[in-house]
Number of protein chains: 2
Amino acid sequence: MPRGLHLLASSRRDRCRLLPQSNKRVVPGATVGRLPAYLQALTELSEAGSRRVASDELASVTGVRSAQLRKDLSYLGTYGVRGVGYDVSQLIDEITAELGLTQDWPVIIVGMGNMGRALAAYGGFGQRGFRIVALADDDPSIVGDVVQGLPVCRLADSLAANERLAIGVITTPADQAQQIADRLVEHGVQSILNFAAIALRVPDNVDVRRVDLSTELQILAFHAQRRDMAKGREGVG
Amino acid sequence: MPRGLHLLASSRRDRCRLLPQSNKRVVPGATVGRLPAYLQALTELSEAGSRRVASDELASVTGVRSAQLRKDLSYLGTYGVRGVGYDVSQLIDEITAELGLTQDWPVIIVGMGNMGRALAAYGGFGQRGFRIVALADDDPSIVGDVVQGLPVCRLADSLAANERLAIGVITTPADQAQQIADRLVEHGVQSILNFAAIALRVPDNVDVRRVDLSTELQILAFHAQRRDMAKGREGVG
DNA sequence: TTGTGTGAATCGATTCACAGCC
DNA sequence: GGCTGTGAATCGATTCACACAA
């Protein structure tokens, strides 16, 4: 609750000076949400042989405005060259580091239904420091299956076998999701990606992101309905 | 630009008066994004037998603040009763109508890999006006499979067989997603849910929402790294 | 007394527009 | 001349705080 305390006065041009330690770069949440897209686009550019890129170009590829891109990147530091652009591979390195992708993030997937299997098979998962180390499900008819080379275990066994789990992905039905989350949290998991259609309740120190198909569809339906209404009104003036 | 003009603008309480037509209710995007969660919670309350609910309670279930919930609902109209709360079933009806869930939204899923099959099997899909009418994939080894009672067809055939498709869900690999999107748009699809790891380029009249596992994980990693850094600094002051 | 509805204040994110550097 | 970096302006979303209806 105590939110808006940080004035952090003065410090107008200290910015680029890179102070020894406490370099309080506060990257806004909205910016963090776009960094993966930039990284993705930069990786493609790099593979295509580009060594430099201008904000206009990178912005258009990722679907944002160039001013926004430049402001986003400015939160990471001053890596562009005026009149020239950005060095592709340097930018890749900076964003990779900013997002913490140089570290190792062991992942457990809980719930080996269709969605869990799809995620386990998803190649992009293994990229960038994310490493699936455990697949769990308490359904006896599923325990023992081998998915993508990993055995499916009961959650208790998976936890016992993996001291450190950084990220838990929950793909169980909604009515089990909360107790799964509780057990993950108790085991020390502090990051949860929740595919179940329920708002999880977790302690403050745990970060949950939710992906909900049903929500996405409903948002699409809202906008579709608005379009239809606008079109219907069109002829009536 | 002239900001401070509206001192004596009158029209303070006209608001509730519900003018004949042009009742410009502009529901903010952020609010639209929360309505599905409210609807979900209300449905559960209703099934549990509640007839009324206060903003405090509904807010706490859905994980928002009560002031926010009240403001969100106020965009839909004045449905609460001061000192009492909201009527659960009335609110369900209002939100359902606002989101366009009283209409029929035929859905096509393109890409019958693991993710496509998971989505086809996902129960919540069939809820609330969303109706899967076609499953498409151009891989000959998949065409002809029957998934959840529906045959998998080539995209061209699926389109030919379904005049009206409201929503297209793309779960193909990234390198095919753009051309799939183009074909859907050409066929008249104006809402796309994109699971492929690429930013689709579509005309202005088409609405795309993207769900990207890799992005979600990277955002979690960013916050996890920040937590770790904070913890490391803890002892050092 | 209770709990909604909502202006006003605050907070955050985006866009503008241009100085500064290559 | 071209493109970044960034204050300032704008736009949008959240929270506060309280008048008011039941």
Side-chain angles (χ1 to χ4, degrees), chain A residues 1-8 10-18 25-35 38 50-60 62-88 90-91 94, chain B residues 1-18 25-35 38 50 52-60 62-88 90-91 94:
Chain A
M1 284 69 178
R3 281 286 269 76
L5 261 259
H6 51 109
L7 279 270
L8 69 106
S10 66
S11 73
R12 183 83 61 81
R13 60 141 59 72
D14 299 348
R15 175 74 59 122
C16 325
R17 196 73 20 216
L18 129 85
R25 293 166 313 155
V26 181
V27 183
T31 295
V32 174
R34 284 184 295 265
L35 291 179
Y38 300 156
S50 305
R51 300 180 53 71
R52 277 179 289 132
V53 66
S55 64
D56 276 352
E57 187 186 353
L58 186 51
S60 110
T62 51
V64 304
R65 297 195 194 276
S66 66
Q68 172 141 268
L69 175 71
R70 290 200 301 279
K71 177 139 323 228
D72 282 342
L73 295 183
S74 78
Y75 292 118
L76 309 194
T78 303
Y79 300 121
V81 180
R82 291 172 193 230
V84 177
Y86 299 88
D87 181 279
V88 171
Q90 181 187 16
L91 215 41
E94 296 298 342
Chain B
M1 293 69 181
R3 275 288 268 83
L5 260 259
H6 54 108
L7 273 268
L8 42 122
S10 69
S11 76
R12 183 84 62 80
R13 58 142 60 72
D14 299 347
R15 175 70 63 118
C16 326
R17 193 91 1 230
L18 128 86
R25 292 169 314 155
V26 180
V27 183
T31 295
V32 173
R34 285 184 294 266
L35 290 180
Y38 300 155
S50 305
R52 276 179 291 132
V53 66
S55 64
D56 276 352
E57 188 186 352
L58 187 50
S60 112
T62 52
V64 304
R65 297 196 196 276
S66 67
Q68 172 141 267
L69 175 72
R70 291 200 302 279
K71 173 125 350 211
D72 282 343
L73 296 183
S74 78
Y75 292 119
L76 309 193
T78 303
Y79 300 121
V81 179
R82 291 176 192 228
V84 177
Y86 299 87
D87 181 279
V88 172
Q90 181 188 15
L91 215 41
E94 296 298 343

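Keep in mind it's a predicted model, so treat the numbers as computed, not measured. Here is how names work: the chains are called A, B, and so on, in the same order as the sequence lines, proteins then strands, and each is numbered from 1.
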Can you figure out which of [options] approaches the side chain of [X] most closely?
X      : options                  : value
A30(A) : dT15(C), dT4(D), dT14(C) : dT14(C)
K71(A) : dT4(D), dG5(C), dA8(D)   : dA8(D)
R70(B) : dT6(C), dT15(C), dT4(D)  : dT6(C)
R82(A) : dT14(D), dG5(C), dG5(D)  : dG5(D)

CD-CG distance between E94(A) and L91(A), expressed to the nearest 0.5 angstrom: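 So the CD of E94(A) and the CG of L91(A) are separated by 7.5 Å.
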
Sugar-phosphate, base or nothing in reach of R34(B), heavy atoms under 4.0 Å: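 Sugar-phosphate contact only.
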
Distance check: side-chain N/O of [X] vs OP1/OP2 of [N], anything under 4.0 Å?
X      : N       : result
R65(A) : dT15(C) : yes
Y75(B) : dT14(D) : no
Y86(B) : dG5(C)  : yes
S55(B) : dG3(C)  : no

What is the separation between atom [atom1] on [X] and atom [atom2] on [N], rounded to the nearest whole Å?
X      : N       : atom1 : atom2 : result
Y79(B) : dT6(C)  : OH    : P     : 12 Å
L69(A) : dA13(C) : CG    : P     : 17 Å
R52(B) : dT2(C)  : CZ    : P     : 15 Å
L58(B) : dT4(C)  : CG    : C1'   : 13 Å
L73(B) : dT15(D) : CG    : C1'   : 16 Å
E94(B) : dG5(C)  : CD    : P     : 12 Å
E57(A) : dC3(D)  : CD    : C1'   : 13 Å
D87(B) : dT4(C)  : CG    : P     : 13 Å

Side chain to side chain contact (heavy atoms under 4.5 Å, CB included) assessment of E57(A) paired with Y86(A): CA-CA 11 Å; E57(A) 187 186 353; Y86(A) 299 88; over 6 Å; no

Residues L76(A), L35(A); criterion side chain to side chain contact (heavy atoms under 4.5 Å, CB included); working and verdict: CA-CA 10 Å; L76(A) 309 194; L35(A) 291 179; 4.3 Å; yes

Position toward the 5' end of DNA chain C (nearest nucleotide), T31(A) or V84(A):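 Here T31(A) is the residue nearer the 5' end.
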
Residue whose closest nucleotide on DNA chain C lies nearer the 5' end, A67(A) versus D72(B): D72(B)

R70(B)/S74(B) under side chain to side chain contact (heavy atoms under 4.5 Å, CB included): CA gap, chis, key distance, verdict: CA-CA 6 Å; R70(B) 291 200 302 279; S74(B) 78; over 6 Å; no

Test log, rule side chain to side chain contact (heavy atoms under 4.5 Å, CB included), inputs R52(A) and V84(A): CA-CA 8 Å; R52(A) 277 179 289 132; V84(A) 177; 3.3 Å; yes

